[in-house]
Participant: 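Take this structure, written in structure tokens, and hold onto it; I'll ask about it next.
Quick note: numbers below take in every heavy atom, side chains included, and nothing from hydrogens, waters or symmetry partners. In the text below, chain A, chain B and the rest are named by the order of the sequence lines, each starting its count at 1.
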Amino acid sequence: MNLALSKLPPSFYLRPTVQVARDLLGKYIVHKFKGKRLVGRIVEVEAYCRNDPASHSYRGQTERNRVMFWTGGHLYVYFTYGMHFCANVVTRNEGVGEAVLLRAVEPVDGLKEMMKQRGTTPQEGGGQAGDYGSYRRIANLTNGPAKVCEAFGIDRRLNGADLTGNRVFIGEIKNRYEKIKIGASTRVGIVSGQEKMWRFYIKENPFVSKAKVHP
DNA sequence: TGGACGATCCCCT
DNA sequence: GGGGATCGTCCAT
């Protein structure tokens with residue numbers, strides 16, 4: 001597959017974070033990795049804003065979260081639980097400190113490499129030659145924020161990467177308008193009495209994460 | 001200098 | 001549905 005994608009302009013990322021989060025649904029993230037072109041369609045995101053107790057930026061800038069305070073259009077990658085990376089799209093102007101967490105994507109291109117990164121192989125558990133396996137199996141490659149990073153080879157080396165550059169970027173298909181049904185819920189793993197509905201996903205999309213959402 | 005904990009995932013029951 | 005893995009980060013001594 002070789003989609004003709006046009007990169008989103010810097011102005012896309014400078015808008016209000018919740019708006020950017022919703023608009024990222026249906027867009028394509030691309031990482032040129034080990035000579036391969038890994039592509040995923042974004043199907044689930046979460047917004048993290050200033051004055052938001054759940055945001056890494058809430059207590060101000062630190063060595064870990066400094067990229068969150070860069071100008072919109074950069075990639076903020078952090079390490080968590082001693083073993084996982086998560087990728088965020090920085091939004092708004094320099095110094096604000098807001099971002100959108102990429103929670104799940106639909107694998108589009110480079111599935112073989114994604115499986116290699118995730119420690120699985122094509123055809124495992126049956127299937128014909130050239131078959132990547134069941135829907136469920138493919139979804140399991142990238143239906144969670146740390147899974148996305150592992151499958152796409154995203155780690156701390158990409159922290160601060162320019163999303164309007166060539167190595168890793170987000171784009172959309174030229175001349176295609178697609179109507180998307182967007183669902184909203186509270187964010188995953190956030191404990192707060194007044195948690196906002198800042199998790200957004202494409203409704204009825206099988207690649208959305210299976211993470212439990214507390215009521 | 002140390003202890004608590006996390007925007008998670010996977011395996012086990 | 002529950003718990004363990006595993007370590008960087010942050011804040012309180």
Participant: Using OP1 and OP2 only, check whether a side-chain N or O of A:Arg118 sits under 4.0 Å from B:dC10.
Facilitator: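 Affirmative; the distance criterion is met.
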Participant: In whole angstrom, what separates A:Ile154's CD1 from B:dT8's P?
Facilitator: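 Nearest whole value for this atom pair: 16 Å.
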Participant: Can you classify the ring geometry of A:His74 versus A:Trp70 as parallel (below 30°), tilted (30 to 60°) or perpendicular (above 60°)?
Facilitator: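 Geometry flag for A:Trp70 against A:His74: perpendicular rings.
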Participant: Using Watson-Crick or G-U wobble geometry with both distances under 3.5 Å, which nucleotide pairs with C:dG2?
Facilitator: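 Pairing partner, where one exists within any strand: B:dC11.
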Participant: Would you say a side-chain N or O of A:Arg156 is under 4.0 Å from OP1 or OP2 of C:dG8?
Facilitator: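 No, no such contact exists.
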Participant: List the atom of A:Ala139, the atom of A:Pro206, and the distance in Å for their closest heavy-atom pair.
Facilitator: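 So the minimum-distance heavy-atom pair works out to CB-O, 3.9 Å.
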Participant: With a 4.0 Å cutoff (strictly under), does any side-chain N or O of A:Thr62 reach OP1 or OP2 of C:dC10?
Facilitator: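 Yes.
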Participant: Specify the separation, in whole Å, of atom CE of A:Met68 and atom C1' of C:dC10.
Facilitator: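 To the nearest whole Å, that distance equals 16 Å.
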Participant: Between atom CZ in A:Phe85 and atom C1' in C:dT6, what is the gap in whole Å?
Facilitator: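 The distance from CZ of A:Phe85 to C1' of C:dT6 comes to 12 Å, rounded to the nearest Å.
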Participant: Can you measure A:His56 atom NE2 to C:dC11 atom P for me and round it to whole angstrom units?
Facilitator: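 From A:His56 NE2 to C:dC11 P: 12 Å.
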Participant: Please figure out whether A:Gly82 or A:Asn65 has its closest DNA chain C nucleotide nearer the 5' end.
Facilitator: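 Going by which nucleotide is closer to the 5' end, it is A:Gly82.
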Participant: Quote, to the nearest angstrom, the P distance that separates C:dT6 from B:dG2.
Facilitator: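 The same atom, P, in both gives a distance of 22 Å.
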Participant: When you measure from the side chain of A:Ala146, which nucleotide among B:dC9, C:dT6, C:dT9 comes out closest?
Facilitator: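 Ranking B:dC9, C:dT6, C:dT9 by closest atom to the A:Ala146 side chain puts B:dC9 first.
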Participant: Going from NZ on A:Lys174 to OG on A:Ser6, what distance comes out if it is rounded to the nearest 0.5 angstrom?
Facilitator: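 OG of A:Ser6 is found 6.0 Å from NZ of A:Lys174.
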Participant: Taking atom P of C:dT9 as reference, at what distance in whole Å does atom NE2 of A:His84 sit?
Facilitator: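 So the two atoms are 16 Å apart, to the nearest Å.
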Participant: Report the distance from atom CZ of A:Arg59 to atom P of C:dT9, rounded to the nearest whole Å.
Facilitator: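 For the pair A:Arg59 CZ and C:dT9 P, the rounded distance is 17 Å.
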Participant: Among C:dA5, B:dA7, B:dT8, which is the nearest nucleotide to the side chain of A:Met83?
Facilitator: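 Output: C:dA5.
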Participant: Could you tell me the separation between the CD atom of A:Gln117 and the C1' atom of B:dC9, rounded to a whole number of Å?
Facilitator: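 Nearest whole value for this atom pair: 17 Å.
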Participant: Write down the distance separating the P atoms in C:dG1 and B:dA7, rounded off to the nearest Å.
Facilitator: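 To the nearest whole Å, 23 Å.
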Participant: Quick check for you: among B:dT8, B:dA7, B:dC10, whose closest atom lies nearest to any side-chain atom of A:Tyr81?
Facilitator: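 When the side chain of A:Tyr81 is considered, B:dT8 is the closest of B:dT8, B:dA7, B:dC10.
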Participant: Is A:Asp52 salt-bridged to A:Arg187, going by a charged N under 4.0 Å from an acidic O?
Facilitator: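 Looking at A:Arg187 together with A:Asp52, the answer is yes, because their closest N to O distance falls below 4.0 Å.
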Participant: Considering only C:dT6, C:dG8, B:dT8, which nucleotide approaches the side chain of A:Phe79 most closely?
Facilitator: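 Closest of the options to the side chain of A:Phe79: C:dG8.
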Participant: Tell me: CG of A:Leu101 to C1' of B:dT8, nearest whole Å?
Facilitator: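 Rounding to the nearest Å, CG of A:Leu101 and C1' of B:dT8 are 11 Å apart.
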Participant: What is the ring orientation for A:Phe207 with A:Tyr135, classed by angle as parallel under 30°, tilted 30 to 60°, or perpendicular over 60°?
Facilitator: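 Tilted: the ring planes of A:Phe207 and A:Tyr135 meet at 30° to 60°.
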